[in-house]
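Written out below as structure tokens is the structure these notes cover.
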Amino acid sequence: MSESSAQALVQSAIADALKRVIAAGEINAQLPKAIKLDRPKNREHGDYATSIALALAKSSDLAPRAVAELIVKSLIDNDLLSKAGISKVEIAGPGFINITLNNASQTAVVIEILSKAKKFGHGNWLSDKKVNLEFVSANPTGPLHLGHTRWAAVGDALGRVLSAAGAEVSREFYINDRGNQMDLFGASIRAVALGQERPTDGYHGEYIIDLANEIVKSNPEFLKLSEADGVNAFRDTGYKLQLKQQQGVLDNFGTHFDTWFSEKSLYENDFFTHSLEKLKSQGHVYETDGAVWLRTSDFGDDKDRVMIKSDGSFAYFASDSAYYVSKRERGFNLCIYMLGADHHGYVGRIKAIAACAGDDPKLNIEILIGQMVKIMEGGEELKLSKRAGTIITLEELVEKVGVDAARYTLIRYPTDTPMVMDVDLLRKNTNENPVYYVQYAHARICAVLRNAKDLGISYGVNQFKPELLVHERERELIGLLAEFPRVVQGAAQIREPHRVARYAEELAGVYHRFYNDCRVLPLGDEKSSELNSARATLSLATAQVISNALDLLGVSAPEKM
RNA sequence: GCGCUUGUAGCUCAGUCGGAUAGAGCGAAUGCCUUCUAAGCAUUAGGUCGCAGGUUCGAUUCCUGCCAGGCGCACCA
């Protein structure tokens, strides 16, 4: 566990020192819950820095630097430095305490990485969460488009990050297999099959023609059915084919779901009635004008929402509310919804469902909004798709740039900002294409290690001599490797998997610089030394962390490029 | 009109919990391969962090107002 890490030792040493200062009555302050440690941007400021003295200065009525001096004195007098692996403590600027680790303490992370291997960076920070992660949830009436693709990548990465952080995660795809749109879908396929005009508000993509052909081929009798029966038959068969197509595409994209949840199933076995009873028991259901409403305005929604329309049919919102009840009854204590920006108006009402069900909307439900994705090629925005008529599909994107580039690019931006994908850039094999930049660092290390093996240089935990790694680049690299668990923790806690991608880029950059300045393997006919071995071991640890980071994004870490 | 969201270098964008001199890639200029993958590295140039207030020892970060872009406001799904 990273709780035993150098960072944690430093934190507890400072807390200990501060506690003694307070106990001695030298300072009038309360011990903060946690000692905040920053990683200074400037390497001259040491490995870690804390602004605790600045924060305590006011209440203690002392100058910040005076507070810092008391803490540092306490650290020294109570012999807390060596125990925490600290080699140097300095007070700087307005009162920062800068801390430099000793070599053994700093390099310990290399050994930790190699022994934990794939598990390095994982933790149990979120072990109390049982998460239902719902994403993509496309209508099964057509191919997946760019918006779905963003979620397919980010949702999957978030699932991996949450799991790494110790949460129990179930990925769910909600299938809107009920209602008007499905009927229009059936009617559209049937119209094409019969050589008729499609309904104007129906589906007009070319894929409808493919579906019609395929269905007629195996079910020619559908053509003879009455309109109502025909629409049903084409709808149900077409839906199955389309869903299978979506599943195949997602599978190929490396995004897998634990549950494909059918909206229709919410109305089987009286589940809807049961969920309605549950909401009623909380007192937020009422009937007006012949319709059944949920009083979502009790919880910040603009207006109340209809569940059962006055004609007795179910509004879409009925499904939403029953679906939430279902998630909670299946034992999830955190329901995460990933919605497209065009649905952000739903945030209020969905959160209100949770409140109406007697839950705490701050605790049990979270909604992430994904902004639009544009795609550029040849300097122009792509808008047309052959298959879907007007939209670019997930499949087409993958055909253009490949799974790794597509996934990585979609994940590396925060989801709440609109993004532009430049196809030309993603096909480039240079610095400006971050996927390759990171993957290249990994492949480069693998090449170095292959060569090391050929030269008979042995490396690894057993022959690791960390005291040889004193170069500035080495220290920088090791320091960044040690940050990985923190990055995973942060990404999981604020649900931002893109942080892992940015970290991977930074790590790749630091490795490239190390590689440039620190020769790993012996030159020419030099004899190999223990330094070669130590650097190879450091390289091995770096490859492990890059690979772990890429794994959290669902992107491959190639050994050769 | 109301709500959500964005505004950081010429371009595309990073920058949880407020901290020291605001970062990266591209683009521009100049260097580094007879030996580990140059799909790489280095140096230089480039900024009123949209504007104006407020809170604070300290604000790109938090609060308010304004300006500008994007999106949404159904007994549709």
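Values below: all heavy atoms of this structure, side chains included; hydrogens, waters and symmetry mates excluded. Reminder, nothing fancy here: chain letters follow the sequence lines and each chain counts from 1. Keep in mind that what you see is a predicted model, and the values were worked out from it rather than measured.
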Going by salt bridge (Lys or Arg N to Asp or Glu O under 4.0 Å), name the pairs with one or both residues in residues 400-412 of chain A, residues two or more places apart or in two chains. A/D156-A/R407, A/E377-A/K400, A/R412-A/E505
Does a side-chain N or O of A/K374 approach OP1 or OP2 of B/G70 to a distance below 4.0 Å, or not? no
Can you find an N or O donor on one side and an acceptor on the other, under 3.5 Å apart, linking the side chain of A/D38 with the base of B/A20? no
Which residues share a ring-ring contact (aromatic ring centres under 6.0 Å, His included) with A/Y440, sequence neighbours left out: A/H512
If we count only N and O atoms by modelled type, under 3.5 Å, do the side chains of A/D320 and A/Y346 hold a donor and an acceptor together? no
Scan side-chain atoms only and decide if A/S539 and A/Y511 contain a donor-acceptor pair under the 3.5 Å cut-off. yes
Just to be sure I understand: a Watson-Crick pair is purine N1 to pyrimidine N3 plus N6-O4 or O6-N4, both under 3.5 Å. Using that and G-U wobbles, which stems of three or more pairs involve RNA chain B? B:1-7 with B:67-73, B:10-13 with B:23-26, B:28-32 with B:40-44, B:50-54 with B:62-66
With the criterion being N/O to N/O and under 3.5 Å, what pairs connect the protein with nucleotides 60-63 of chain B, and how long is each?
none

Taking syn as within 90° of 0 and anti otherwise, name the glycosidic form of B/C33. syn
Report yes if a donor N or O on one partner sits less than 3.5 Å from an acceptor N or O on the other, where the partners are the side chain of A/H344 and the base of B/C71; otherwise report no. yes
Picking from B/G72, B/U5, B/G40, which would you name as closest to the side chain of A/Y440? B/G40
Distance check: side-chain N/O of A/T417 vs OP1/OP2 of B/A14, anything under 4.0 Å? yes
Within the stacking criterion (centroid distance below 5.5 Å, interplanar angle below 30°), does A/Y413 stack on B/C13? no
Please list each protein N or O that sits under 3.5 Å from an N or O in nucleotides 42-44 of chain B, with the distance.
{"from": "B/A42", "atom 1": "OP1", "to": "A/R513", "atom 2": "NE", "distance (Å)": "3.0"}

Between atom CG in A/N433 and atom P in B/U12, what is the gap in whole Å? 18 Å
Qualifying residues under ring-ring contact (aromatic ring centres under 6.0 Å, His included), relative to A/F314, sequence neighbours excluded: A/Y267, A/F272
Tell me whether A/F96 is stacked on the nucleobase of B/A20, counting only the six-membered base ring and applying the 5.5 Å and 30° thresholds. yes
Does the structure show A/H343 stacking with B/G72, if we require the centres to be closer than 5.5 Å and the planes to be within less than 30 degrees of parallel? no
